[in-house]
Amino acid sequence: MNIAHSVIIITAAGSPLGKALSLHFASLGAKLALVDERQHALGQTLQACQAIGAPCQSYLIPDQSERTIATLINNIHQHFGKIEVLVNCWVDSALPSLLSPSSVDQFSRSMNEKATPFFTFGKQTAHYMRDHNCHGVIINLAANEDCLHNSVHSGSKAIVSGLTQSWAKELAEFNIRVGGVVPLTIECPCNNHHHKLSSPLQYEIARSAEYIVANDYFNGRMIEAEVS
């Protein structure tokens, strides 16, 4: 797929990773629909993309229900035309310890806040691409923004990988490709101090996402991004 002039939705666009992805695809000439629930952070990403002359529009969503996301996708279509790529960002958070007293409630809350909107964006975009006969691409990304050195928690990484493979099989008959990118899992020495995902690793994740979009044979697989 030719990235220049393609219409790309980027979720969690106000996050550091979302901003890095937005700027990278903006530099390649894509048309960007930037989506987030956080107004200030979303505005910063929009301004940064506009500063380099990218055709882009921000979409602040009040919630991440199916109806809201379906309406959002329709609005993006009305503004830009045919949507070809979804960059679906899972902003990772630690899964609770299995034996902690409130682990079930914490796990349920984490899945509701992280997994449900991630899944819903995938579903609604797949419906749109199928109904509009788009030979589109869905890229599932995951990154833990609380840690400079690592990664993504292994449980979240497994969920993203599993969904990527499952969706690729289901959507193949509609010529919709699905790929994924996660940071390479390494031993983290930072003891969970609050560091942000490093800029070099953000760039490698963005380059990996570009590779998936540009290569029509890439489907149903994950890339583990690392900084050499």
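Side-chain atoms are counted along with the backbone in the values below, which use heavy atoms only and exclude waters and symmetry mates.
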Problem - Listed partners of Asp216 passing salt bridge (charged side-chain N to carboxylate O under 4.0 Å, His left out), at least two apart - result: Arg177
Practice task
Please list, chain by chain and in numerical order, all residues satisfying salt bridge (charged side-chain N to carboxylate O under 4.0 Å, His left out) with Arg207, sequence neighbours excluded.
Solution key: Glu204
Taking side-chain contact (heavy atoms from CB on, under 4.5 Å) as the test, write out the residues that go with [X], two or more places apart.
{"X": "Gln44", "result": "His40"}
{"X": "Ala209", "result": "Leu21, Phe25, Ile139"}
{"X": "Asn133", "result": "His135"}

Minimum heavy-atom separation for [X] to [Y], with atom names?
{"X": "Gln202", "Y": "Ala20", "result": "OE1-CB, 3.5 Å"}
{"X": "Ile212", "Y": "Gly179", "result": "CD1-C, 4.1 Å"}
{"X": "Lys157", "Y": "Pro183", "result": "NZ-O, 4.1 Å"}
{"X": "Val182", "Y": "Met222", "result": "CG1-CE, 3.8 Å"}
{"X": "Cys49", "Y": "Leu23", "result": "N-CD2, 4.0 Å"}
{"X": "Asp36", "Y": "Gly14", "result": "OD2-N, 2.7 Å"}

Handout entry: Distance in Å, Phe80 CZ paired with Ile9 CD1, rounded so as to fall on 0.5 Å steps
Key = 10.0 Å
Exercise for the section: Determine, for Lys31 against Glu84, whether the closest basic-nitrogen to carboxylate-oxygen distance falls under 4.0 angstrom. Expected result: no
Ignoring hydrogens and angles, write down the donor-acceptor pairs under 3.5 Å from the side chains of residues 69-78, residues two or more places apart or on other chains.
from  : atom 1 : to     : atom 2 : distance (Å)
Thr71 : OG1    : Arg67  : O      : 2.9
Asn75 : ND2    : Thr71  : O      : 3.4
His77 : ND1    : Tyr128 : OH     : 2.6

For residues 118-125, tabulate all N or O donor-acceptor pairs below 3.5 Å that involve a side-chain atom, not counting sequence neighbours.
from   : atom 1 : to     : atom 2 : distance (Å)
Thr120 : OG1    : Thr116 : O      : 2.8
Lys123 : NZ     : Glu66  : OE1    : 3.0
Gln124 : NE2    : Glu66  : OE1    : 2.9
Thr125 : OG1    : Phe121 : O      : 2.8

Answer whether the closest heavy-atom distance between the side chains of [X] and [Y] falls below 4.5 Å.
{"X": "Leu141", "Y": "Ile205", "value": "yes"}
{"X": "Val137", "Y": "Leu86", "value": "no"}
{"X": "Leu28", "Y": "Glu210", "value": "yes"}
{"X": "Ser15", "Y": "Arg38", "value": "yes"}

Practice task
Identify whether Tyr217 and Met1 are in the same connected component of the hydrophobic contact network (ILVMFWY, side-chain heavy atoms under 4.5 Å).
Solution key: yes
Exercise for the section: Determine whether Tyr211 and Leu201 fall in the same hydrophobic cluster, where Ile, Leu, Val, Met, Phe, Trp and Tyr are linked whenever their side-chain heavy atoms lie under 4.5 Å apart. Expected result: yes
Hey, can you pull the donor-acceptor pairs under 3.5 Å for the side chains in residues 52-65, sequence neighbours left out?
from  : atom 1 : to    : atom 2 : distance (Å)
Asp63 : OD1    : Ser65 : N      : 3.0
Asp63 : OD1    : Ser65 : OG     : 2.8
Asp63 : OD1    : Thr68 : OG1    : 2.7
Asp63 : OD2    : Thr68 : OG1    : 3.4
Gln64 : NE2    : Glu37 : OE1    : 3.1
Ser65 : OG     : Thr68 : N      : 3.2
Ser65 : OG     : Thr68 : OG1    : 3.0

Practice task
Provide the full list of side chain to side chain donor-acceptor pair (under 3.5 Å) pairs with a residue in residues 2-11, sequence neighbours left out, each pair given once.
Solution key: none
List, one per line, each side-chain donor-acceptor pair under 3.5 Å for residues 162-175, sequence neighbours excluded.
from   : atom 1 : to     : atom 2 : distance (Å)
Thr164 : OG1    : Asn140 : ND2    : 3.0
Thr164 : OG1    : Val160 : O      : 2.8
Gln165 : NE2    : Ser161 : OG     : 3.2

Exercise for the section: Please name all residues satisfying side-chain hydrogen bond (donor to acceptor under 3.5 Å, both in side chains) with His127, sequence neighbours left out, ordered by chain then number. Expected result: Arg130
Practice task
Check the pair Val213, Phe218 against side chain to side chain contact (heavy atoms under 4.5 Å, CB included), reporting the backbone distance first and the verdict last.
Solution key: CA-CA 8 Å; Val213 175; Phe218 194 104; over 6 Å; no
Problem - Passing candidate, side chain to side chain contact (heavy atoms under 4.5 Å, CB included) with Ile10, options Thr45, Val85, Leu32 - result: Leu32
